[in-house]
Amino acid sequence: MTNTPLDSATDVEKGRPFNRAEFIEKYSTFGIFLILFIVATVWTDTFLTQRNLLNVLRQVAAGTGIMAVGMLFVILTRGIDLSVGSVQAFGSVLCGYYIVQLDIDIWVALPLVLLSGAALGALTGIFVAYLKLPSFVMSLAMMAIARGLSLVYSQGQPIVLGKVGAALTEFGSGRFLNVPKPVWLMIAIFIVAGIVLNYTKYGRIIKAIGSNEEAVRLSGINVPRYVASVYVISGMLAATAGIIAASRTGIGSSQVGVGAELNVIAAVVIGGASLMGGRGGVINTLIGALILGVMTNLMNLAGVPGYHQQVWMGIIIAVAMLLHFGVTRVKN
Amino acid sequence: MHGWGTEMTALVELRGIKKFYGGVKALKGVDFDIEPGEIHALLGENGAGKSTLMKVLGGDIIPNAGSIVVAGQPADFRGPADAKAVGIQVIHQELALAPDLSVAENIYLGNLPPIISWSALNNSAGEVLNRLGFDIRPKEPVGNLPIALQQIVEIAKALSKEARIIVFDEPTAVLSGKDAERLHEIMLQLRMNGVGVVYISHRLDEVFDVADRMTVLKDGETVGTVSVKDTDMNKIIRMMVGRPMETMFPEKKPTKIGDEVLRVESLNRGREVMNVSLSVRSGEIVGLGGLVGSGRTEAAKMIFGADPKDSGEIFLNGKPLKLKSPHDAVQAGVSLLPEDRKGEGVVIDFPISVNSTMAGIGKITNGFGFIKRRKEGREVAELARKLTLKCGHIDDAVSTLSGGNQQKVVLAKWVFAGGDVIIFDEPTRGVDVGAKSEIYGLINKMAEDGRAVLVISSEHQELFGICDRVLVMGNGELRGELKPADYSEENLLHLAMASGALEKDGESHD
């Protein structure tokens with residue numbers, strides 16, 4: 001036994017020695033991002049310009065970024081939410097439906113959109129947490145339901161926001177300190193999520209549930225309530241992404257976010273979260289989303305044809321995961 | 001060293017085995033050999049290096065230094081396949097079974113023919129199980145079996161293959177006395193057939209019943225190899241921990257046994273738990289004995305709200321408790337230290353600190369749900385000191401600790417949460433001798449602090465050593481109660497087994 005009994009409390013409380021394995025696990029995603037960033041800078045002239053970088057950020061904010069936060073929460077509990085792309089479309093359509101069709105004031109309509117997204121998430125969550133349906137199956141069902149609802153409320157037609165939605169479209173194209181407003185919103189969401197995950201009881205418990213649900217249940221924690229809640233968060237953030245999509249294009253469309261769930265899951269997993277639950281962080285998830293954003297951008301700049309891009313994306317995701325698992329495996 | 005004839009070549013010799021993990025020296029040059037037709041016990045506290053040594057033998061890990069000699073020929077194990085090729089079968093402590101596959105499929109997994117004849121497969125699996133003396137249906141999915149029987153399947157799997165050496169790594173930890181005896185018969189049979197058996201167990205009395213030689217490890221070094229004839233239990237314990245056995249059960253301070261805290265009336269669920277009523281008073285330690293599968297764990301989980309009950313009432317301090325989940329139980333002040341430590345007791349990849357505060361997390365959070373890290377650090381460090389937890393840092397993962405210290409983390413959780421009732425389900429399973437004694441002390445301490453304590457254990461001496469009285473269960477029913485004056489293995493087993501067996505006898509004779 002190399003460990004000795006403790007003489008004083010401070011021995012075990014402070015001065016934890018540096019752990020190489022933990023360091024690698026924490027920063028390997030960032031390392032991959034850095035390499036990609038350097039490659040992109042050297043390869044193209046236009047990558048490292050303020051305009052282009054802000055463009056990448058804006059795309060991430062409107063695409064995978066915000067939804068990745070919700071997905072991270074779900075994946076931490078060892079679940080999966082396949083409905084995010086459809087709920088995003090639902091959110092986008094509802095912006096048009098509430099503001100234009102029902103003529104509800106925009107400051108009432110937007111919270112309603114968020115609540116509607118949260119309600120769909122709650123439905124998924126209740127079925128998963130209380131009725132014990134596998135999250136894969138239930139969120140697959142919700143994926144169809146939400147997409148269907150988007151088509152129902154939009155009658156398959158894009159809803160132009162127009163004048164009544166001017167405040168929203170202004171947000172979509174507006175800037176603050178020269179940075180697009182949706183990017184600020186994304187940053188705010190990541191900061192809040194980071195605080196929740198790292199400093200609150202809630203964050204600690206959802207991570208623990210993903211690692212060993214039964215041990216958490218037998219510690220007297222009301223596990224189903226926590227499990228259900230992550231789907232509510234995911235639904236609400238997907239609706240938020242839908243609002244941003246509507247704000248940027250000026251229309252509520254049922255065609256938003258088709259297949260987005262795959263990119264969102266990819267971002268979270270590239271960010272080092274384990275699909276087996278319990279492991280993952282907010283900053284790495286953001287970097288994961290940025291890696292995907294930079295890759296798309298790089299391929300656009302390098303003139304890779306659209307159809308080819310998907311193939312390369314798949315290959316690069318696989319290689320990134322290989323690198324990630326490679327370095328984390330070295331520690332054992 | 002020992003007086004075997006020169007014509008006896010060891011089946012396998014491990015010489016000067018060293019294994020380092022980073023800076024941690026798990027094995028510092030261990031010698032170990034296995035003769036044909038012997039049962040060689042490998043003893044030592046958790047963390048002494050037994051399992052690591054057996055992983056070297058099984059080819060699971062490659063040592064940093066040392067040599068492996070198989071039947072006089074140097075061997076180089078590159079993986080488990082190499083060890084299996086020379087007939088070394090290791091039955092690991094952690095079960096490696098596919099829960100959704102049938103018993104027969106699990107036994108022959110890895111040897112399945114391209115086209116399976118189910119009847120042949122099930123028949124030969126049935127034969128192996130019969131030879132072991134266990135009535136397990138070959139078609140049953142393994143996941144449906146209790147842990148003890150899963151262990152038997154794991155053993156059957158090893159026996160179904162050609163084996164010259166079989167390693168049993170703590171097989172009886174989850175077995176009841178009767179099943180353990182049957183396992184010992186199997187070992188003796190293997191010995192007669194010339195197989196070399198390595199037996200790792202924390203139950204020393206059992207080891208003395210069957211072993212021919214014993215090797216004691218301590219801190220990754222061989223303390224010595226002795227013949228059973230030349231030693232006794234006290235000598236072995238002294239080799240393992242450096243102190244005699246009398247100190248195993250700490251003296252319980254005369255505690256004031258107070259009012260009734262927990263009362264359970266007519267608890268029922270199917271045939272698992274039938275009409276169980278019991279009560280525990282403040283400061284009292286009540287044992288719940290009986291064989292594995294007698295319904296003890298099931299009853300405990302129902303009292304804790306973790307499993308549903310068909311009927312029955314639970315009273316805490318005279319007030320009826322409506323428990324729908326462990327959440328309700330913990331809120332009311334009822335705690336359970338579950339039998340499956342890794343699966344149910346701890347979130348093993350998470351820090352000691354997080355695990356310790358989990359059941360009482362409200363005590364370290366503010367009104368907004370933020371965790372007061374500094375307060376948590378102080379509280380956990382204090383718990384670690386009180387419970388003599390041996391750890392590097394309170395933010396290290398629980399998985400870095402030895403079994404005994406992991407169990408102390410579960411204890412810390414319930415010490416921190418507080419409450420009036422605590423149920424221990426197999427509190428010292430897989431825990432080494434030294435830590436056992438400390439855990440007994442901590443259980444006593446909880447009673448001294450006025451809690452009502454219920455202890456489930458399959459180690460009868462343990463119940464006799466710490467309990468004020470022992471209730472005995474059999475086949476889901478409460479069979480009787482033993483007072484300290486009546487404490488003996490015979491009395492307990494008589495209650496646990498006899499009445500059911502007698503009734504059945506009576507029926508068949510009528």
Side-chain angles (χ1 to χ4, degrees), chain A residues 1-22 25 76 78 129-130 192 195-226 229 274 276-280 330-332, chain B residues 22-25 45 47-48 219 301 304-306 325-331 334-336 338 340 342-350 352 354-355 358-362 364-365 368-371 373 377-378 380-382 384-385 388-396 400-402 405 413 417:
Chain A
M1 299 225 169
T2 47
N3 296 325
T4 45
L6 311 162
D7 300 322
S8 70
T10 45
D11 291 356
V12 286
E13 226 183 322
K14 296 191 177 97
R16 190 155 176 252
F18 173 76
N19 183 328
R20 189 165 142 263
E22 273 177 26
E25 187 172 334
L76 282 173
R78 208 176 189 167
Y130 293 94
V192 171
I195 291 171
V196 168
L197 269 192
N198 291 311
Y199 298 102
T200 70
K201 169 183 165 180
Y202 179 82
R204 172 178 286 187
I205 287 175
I206 67 164
K207 279 196 259 187
I209 287 172
S211 192
N212 186 347
E213 180 173 331
E214 188 62 5
V216 176
R217 186 176 84 97
L218 293 180
S219 297
I221 306 287
N222 191 342
V223 169
R225 192 188 297 170
Y226 283 90
S229 72
S274 164
M276 304 307 285
R279 266 192 17 232
V330 167
K331 74 179 179 179
N332 304 320
Chain B
V24 181
K25 293 174 181 162
E45 296 194 272
D219 296 340
K301 283 199 158 175
F304 187 57
S325 68
H327 177 67
D328 298 337
V330 173
Q331 295 294 314
V334 179
S335 316
L336 170 75
D340 177 4
K342 285 174 188 162
E344 304 180 328
V346 289
V347 183
I348 201 151
D349 294 326
F350 275 45
I352 294 161
V354 171
N355 275 285
M358 189 167 285
I361 194 164
I364 49 148
T365 46
F368 299 103
F370 282 84
I371 290 170
R373 283 274 177 85
R378 274 199 312 271
V380 175
E382 174 65 22
R385 200 179 48 76
T388 59
L389 183 75
K390 289 176 191 164
C391 68
H393 191 279
I394 54 167
D395 286 333
D396 286 343
T400 61
L401 303 177
S402 67
N405 283 299
K413 173 163 78 179

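Source: prediction; values computed, not measured. Note on naming: letters A, B, ... go to the chains in the order of the sequence lines (proteins, then strands), and numbering restarts at 1 for each one. Note that these values count all heavy atoms, side chains included, but never hydrogens, waters or copies made by symmetry.
In this structure a side-chain-to-backbone donor-acceptor pair under 3.5 Å is missing from B:Asp349 to A:Gly278. Using a distance-only test at 3.5 Å, with no hydrogens or angles considered, no donor-acceptor pair links the side chain of A:Asn212 to the main chain of B:Ile348. Between the side chain of B:His327 and the backbone N or O of A:Gly220 there is at least one donor-acceptor pair closer than 3.5 Å.
Considering only heavy atoms from C-beta on, B:Phe370 comes within 4.5 Å of A:Ile195 through its side chain. In this structure the side chain of B:Ser325 never reaches within 4.5 angstrom of the side chain of A:Arg217, judged on heavy atoms.
With a 4.5 Å cut-off on non-hydrogen atoms, B:Val346 touches chain A through its backbone but not through its side chain. Of the two parts of B:Ile352, neither the backbone nor the side chain holds a non-hydrogen atom closer than 4.5 Å to a non-hydrogen atom of chain A. Both the backbone and the side chain of B:Ala306 come within less than 4.5 Å of a heavy atom in chain A.
The nearest pair of heavy atoms linking B:Val347 to A:Ala208 is CG1-O, 4.1 Å. The two residues A:Arg204 and B:Ile361 have their closest heavy-atom pair at CD-CD1, 3.9 Å. In terms of heavy atoms, A:Ser211 sits closest to B:Phe350 at CB-CE1, 3.4 Å. Closest approach of B:Gly345 and A:Ala215 over heavy atoms only: C-CB, 4.2 Å.
With chain A as the partner, the residue from B:Val354, B:Asn355, B:Ile364, B:Leu336 showing the most heavy-atom pairs under 4.5 Å is B:Val354.
Each of A:Val216, A:Ile205, A:Leu218 was compared with B:Met358 under the side-chain contact (heavy atoms from CB on, under 4.5 Å) criterion, and only A:Val216 meets it.
Rounding to the nearest 0.5 angstrom, the gap separating the NZ atom in A:Lys201 from the CD1 atom in B:Ile371 is 9.0 Å.
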